[in-house]
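Chain letters run A, B, ... following the sequence lines, proteins first and then strands; every chain starts at 1. What you see is a predicted model; the values in this text were computed from it and never measured.
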There are 2 protein chains.
Amino acid sequence: MTAADATLRALTGYCLRRASVAAMTDFARVFARHGLRRTTFSVLTLVTERPGLRQAQVAEALAIERPNLVQIVGELEGRGLLRRETDAGDRRAQTLHPTLAGRRLVTQAMADVAEQEERLLDGLTPPQVEALRTALAVIEHNAGMQREAAHDQQVSRA
Amino acid sequence: MTAADATLRALTGYCLRRASVAAMTDFARVFARHGLRRTTFSVLTLVTERPGLRQAQVAEALAIERPNLVQIVGELEGRGLLRRETDAGDRRAQTLHPTLAGRRLVTQAMADVAEQEERLLDGLTPPQVEALRTALAVIEHNAGMQREAAHDQQVSRA
DNA sequence: TATTGTTATACTCTATAACTATA
DNA sequence: TATAGTTATAGAGTATAACAATA
């Protein structure tokens, strides 16, 4: 495809966004069934998979700004799904640990999410899904390169 | 992949979202070089491709709520990139028409967007890109099915 | 009565500056 | 001084209710 015939609906970037928005809308409904949003589901799942992470590490891993994570963790702690624990070695840091209720909720929610994902991928063969994931990884990588290049340019201009 | 090993990073839905966010972040930078945002670029491009559409038709085509489109069109009209024209046959309706400046801006911006898209897809063969677009269409379709099913359920409950 | 564009409004997600307490 | 968590706040994007003009 050349730039000449690149109309709005022909843009792969727009197809990517439409599919993402549609998929995340469905996922949001699954999250809501468990009283979760995308961000709270992500944080609770990560903390369950890797207990003891600091908030800053969770924020880094999930690309969430630290100030925004405070409310998310507060919400999950308020519902008794995880607890904050002051790090023994560095009393500035809060490590995060799932409660039993949190682990149970993650198990249930993740099962529903996986089921929803199967519905979304219905009609695609395993090789097609693998090819999709490869393509998505390439795009994410290329976009990251773009961001770094723009950042370097900004730095060198300063 | 079964639900059993579905950790956060293994979810295809999350890979899809990360790639989409990364790609749209880059596109946003391209739009900004022309004084546009994603929404204003989309509207101006569509109006240039299909002049004379009513606002309600543009909103429907781009999945933008009509109230939100008012500001977008107002911004583009204020910059002299398109003009509203009261429909002769239905004086409630406003049809949208690109100005010369608007058409020129779309040509320039679309060229940059297509170039950016090529960078994003760098490393993928044309068949791989085609397979990606097929997979994205399947996901969007499946998600739409999900939405309709949920809506039908909601209606039948009422 | 229904529809188009519009106004006002609210809600979510995200981003940044600045504070505190620790290091 | 630098970092972790926090507070407050601002912005973009999106969603709904209600109104005037028109059909």
With a cut-off of less than 4.0 Å, is there a side-chain N or O of A:Q55 near OP1 or OP2 of D:dT6?
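Looking at the OP1 and OP2 atoms of D:dT6, one of them is under 4.0 Å from a side-chain N or O of A:Q55.
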Between atom [atom1] in [X] and atom [atom2] in [N], what is the gap in whole Å?
| X | N | atom1 | atom2 | result |
| --- | --- | --- | --- | --- |
| A:E75 | C:dC11 | CD | P | 15 Å |
| A:R54 | D:dT6 | CZ | P | 13 Å |
| B:L53 | C:dG5 | CG | C1' | 16 Å |
| B:L69 | C:dT6 | CG | C1' | 11 Å |
| A:Q57 | D:dT3 | CD | P | 15 Å |
| A:I72 | D:dG5 | CD1 | P | 14 Å |

Check: protein-nucleotides 13-17 of chain D nitrogen or oxygen pairs below 3.5 Å:
| residue | atom | partner | partner atom | Å |
| --- | --- | --- | --- | --- |
| D:dG13 | OP2 | B:R37 | NH1 | 2.7 |
| D:dG13 | O3' | B:R38 | NH2 | 3.3 |
| D:dT14 | OP1 | A:R17 | NH2 | 3.1 |
| D:dT14 | OP1 | B:R38 | NH2 | 3.1 |
| D:dA15 | N7 | B:N68 | OD1 | 3.3 |
| D:dA15 | N7 | B:N68 | ND2 | 2.9 |
| D:dA15 | N6 | B:N68 | OD1 | 2.8 |

Within a strict 4.5 Å, meaning less than it, do heavy atoms of the [X] and [Y] side chains meet?
| X | Y | value |
| --- | --- | --- |
| B:E117 | B:F27 | yes |
| B:R17 | A:R38 | yes |
| A:D26 | B:N142 | no |

To the nearest 0.5 Å, how far apart are [atom1] in [X] and [atom2] in [Y]?
| X | Y | atom1 | atom2 | result |
| --- | --- | --- | --- | --- |
| B:L69 | B:E60 | CG | CD | 12.0 Å |
| A:R83 | A:T99 | CZ | OG1 | 8.5 Å |
| B:M110 | A:L11 | CE | CG | 5.0 Å |

Partners meeting salt bridge (charged side-chain N to carboxylate O under 4.0 Å, His left out) with B:R37 (sequence neighbours left out)
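Partners of B:R37 by the salt bridge (charged side-chain N to carboxylate O under 4.0 Å, His left out) criterion, ordered by chain and then number, come out as B:E75.
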Same cluster for B:V70 and B:I72 if Ile/Leu/Val/Met/Phe/Trp/Tyr side chains link at under 4.5 Å?
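Different clusters.
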Check A:R92 with A:D87, please: is the shortest side-chain N to carboxylate O separation under 4.0 Å?
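Here A:D87 does not pair with A:R92 in a salt bridge, since their nearest N and O are not under 4.0 Å apart.
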Reading DNA chain D from 5' onward, which residue's closest nucleotide shows up sooner: B:A88 or A:Q94?
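So the residue in question is A:Q94.
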If each of A:V70 and B:D87 is mapped to the nucleotide of DNA chain D with the nearest heavy atom, which maps nearer the 5' terminus, i.e. the 5' end?
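Nearest nucleotide further toward 5': that of A:V70.
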Can you name the atoms? Protein N/O to nucleotides 20-22 of chain C N/O, anything below 3.5 Å, with the distance.
none

